[in-house]
Structures are given as structure tokens and as C-alpha cells.
Amino acid sequence: MAWTVASWNVNSLKVRLPQLLEWLAHHRPDAVALQETKLEDDKFPALELAAAGYQVVFAGQKTYNGVALLARDPIEACAYGLPDFADEQKRVLSGTVNGIRVIDLYVPNGQSVGSEKYAYKLNWLAALERWLEQELRQYPNLVVLGDFNIAPADEDVHDPWEWEGQVLFSEPEKAAFHKLIELGFVDSFRRFPHPPKTFSWWDYRLNAFKRNRGLRIDHILVSKALAARLSGSLIDVAPRTLERPSDHAPVLTTID
DNA sequence: ATGGTAGAAACTCTA
């Protein structure tokens with residue numbers, strides 16, 4: 001039986017809940033990782049999602065960040081945050097669904113190369129790498145997905161020359177992404193053919209979506225054991241065409 | 001040309 005997992009940076013779950021419910025009804029993914037919920041936990045729409053057939057776990061805060069996992073079957077052994085990296089920002093949430101360990105990430109944006117937030121991003125990614133090395137040993141069936149805020153290769157950027165050296169596409173960020181891959185992950189999207197210039201995020205400004213001036217910064221990495229079972233991958237741009245969209249499109253991967 | 005838009009919240013920060 002095929003198993004589908006998705007990731008979507010919703011940029012405010014309060015605003016995007018109607019779009020999310022519609023999207024869940026249409027795609028019926030088995031597990032979903034959300035980022036930028038921007039909700040404190042007492043405001044999380046657990047009842048609405050339960051009515052849609054999803055169990056939920058979440059780690060939120062006011063105004064910024066916030067992650068959540070949704071699944072049709074129970075989410076077990078939940079864990080919060082990066083170990084050995086004290087952080088008030090709610091960016092990491094883990095759980096086991098249908099025997100597959102799922103880690104939802106909202107990687108720091110980094111703001112601009114050389115800024116304090118950029119240094120925080122690189123330190124955060126180094127801590128992530130150390131942790132995922134251990135997680136891979138513990139969980140052979142491991143999915144790490146979310147908003148990585150890194151476009152890993154030229155093919156993932158509408159204009160690599162324009163973006164060269166910029167945050168989301170700087171060499172240290174790309175190096176950090178490739179070190180994650182080298183731990184033993186596969187970028188599920190690139191296991192299947194896609195049209196050129198397929199992206200997952202477009203700036204709200206300057207008609208970037210209409211002009212397809214996007215980046216592919218949302219990723220679903222799967223361990224080698226799961227990579228052998230991949231049967232498809234997709235970025236669903238439809239929600240980005242709606243009124244009042246998130247700036248990110250959902251990404252999906254199916255495992256047989 | 002260093003802009004512009006969106007979200008949350010509070011007249012600014014983050015992305």
C-alpha cells in the first residue's frame with residue numbers, strides 16, 4: 001500500500017487552515033509536516049484537523065516559526081527540538097508514523113549572508129548534521145522533510161547567476177545541505193523527472209510567482225532504505241495560485 | 001532602483 005508524506009510551509013496556519021483542509025481532502029496524504037504555523041499551542045486547530053481525519057502534534061510560539069505533524073494513523077514517540085542545541089525557536093518536531101520516523105524541520109532563513117541570523121543558521125545546520133547521523137543509525141526508515149531554506153543546486157534556482165552568493169544559495173549553505181545528503185539521504189524530488197524550473201517557493205513581491213522567479217527550498221530527504229521504495233515525488237503548485245496563498249507550495253513523496 | 005508583499009502585532013520585525 002502506497003504511503004504519501006507531504007511538507008508545506010503554510011505561513012500562518014490561522015490564515016491557511018481553509019486551504020489546508022481543502023488540500024488534505026483532495027490529496028489525503030498519510031503524513032504531513034507543516035512549518036511557520038505562527039500559532040501558540042493553545043490556538044492550534046486540533047479539532048478541525050481531527051474532523052478532517054488527522055491526528056496532530058505541534059510545537060508553536062507566538063508570531064514566528066512553529067511546526068506540526070499530521071497523520072491519519074497514530075504519531076508515536078514524539079520528540080521536540082534539536083538535542084544539544086538550546087533554542088527557544090520552535091523549528092523541529094519528530095514522530096513515528098506507520099513505522100517510519102519523520103522529522104519535520106523549519107531551518108532558519110538566515111536573513112542575509114554575514115548577518116547574525118546567518119551564523120545562527122549555519123550553527124543550527126551543524127547541530128542538525130550531528131544529530132541526524134545518530135538518528136539514521138537508530139531509524140533506518142527515516143524521512144527528514146520541511147523548509148530547508150536552501151536551494152541545493154543551480155537547477156533549483158530561477159536565475160543562479162542572480163542568486164550566486166545570496167542567502168538561500170550561498171556556498172556554505174549548499175555545503176551544509178550536501179553534508180546532510182552524504183550522511184545517507186536521497187533528495188526524493190530528484191529521483192524522478194520533473195519539468196525544468198520546478199520550484200517550491202516564490203517571493204510575494206514583484207509578481208515572482210507569475211514570472212516563475214522561484215527557488216526549490218522545501219525538501220523531502222529519505223534514508224537509503226526508504227529510497228529503494230520511492231514511487232513518486234511532486235510539487236503541487238496549485239495552492240500557490242489561490243487567493244491569499246502561502247509563499248510556499250506543498251511538496252509530496254510516495255513510498256510503496 | 002536596495003525597491004516590492006504578506007503575516008502578526010503593534011507602529012516594527014521577519015521572511
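Because only heavy atoms are used, hydrogens play no part in the values below, and waters and symmetry mates are left out as well, while side chains stay in.
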Applying side chain to side chain donor-acceptor pair (under 3.5 Å) as the test, list every pair that has at least one member in residues 74-86 of chain A; sequence neighbours left out. none
Taking the nucleotide of DNA chain B with the nearest heavy atom to each, does A:N109 or A:K14 sit closer to the 5' end? A:K14
Is it the case that over 12 heavy atoms from other parts of the model lie below 6.0 angstrom from the CD atom of A:E40? yes
On DNA chain B, reading 5' to 3', which nucleotide is the first and which the last to sit with an atom under 4.0 Å from a heavy atom of chain A, could you check? B:dG4 to B:dA15
Most 5' of A:S12 and A:Q111 on DNA chain B, judged by nearest nucleotide: A:S12
Should A:L168 and A:L122 be counted in the same cluster of Ile, Leu, Val, Met, Phe, Trp and Tyr side chains packed under 4.5 Å apart? yes
Please classify the nucleic acid contact of A:R213 as base, sugar-phosphate, or nothing, using heavy-atom distances under 4.0 Å. nothing
Do the side chains of A:E129 and A:L183 get nearer than 4.5 Å, heavy atoms only? yes
Distance-only side-chain donor-acceptor flag, A:Y118 / A:S170, under 3.5 Å: yes
Determine the interatomic distance between P on B:dA1 and the same-named atom on B:dC11; round to the nearest Å. 32 Å
Is NZ or CZ of A:K90 both nearer than 6.0 Å to the six-membered ring centre of A:Y106 and within 45° of the ring axis? no
Across the strands shown, which category fits A:Y106 at heavy-atom distances under 4.0 angstrom: base, sugar-phosphate, nothing? sugar-phosphate
What integer number of Å spans the P atoms of B:dA15 and B:dA9? 15 Å
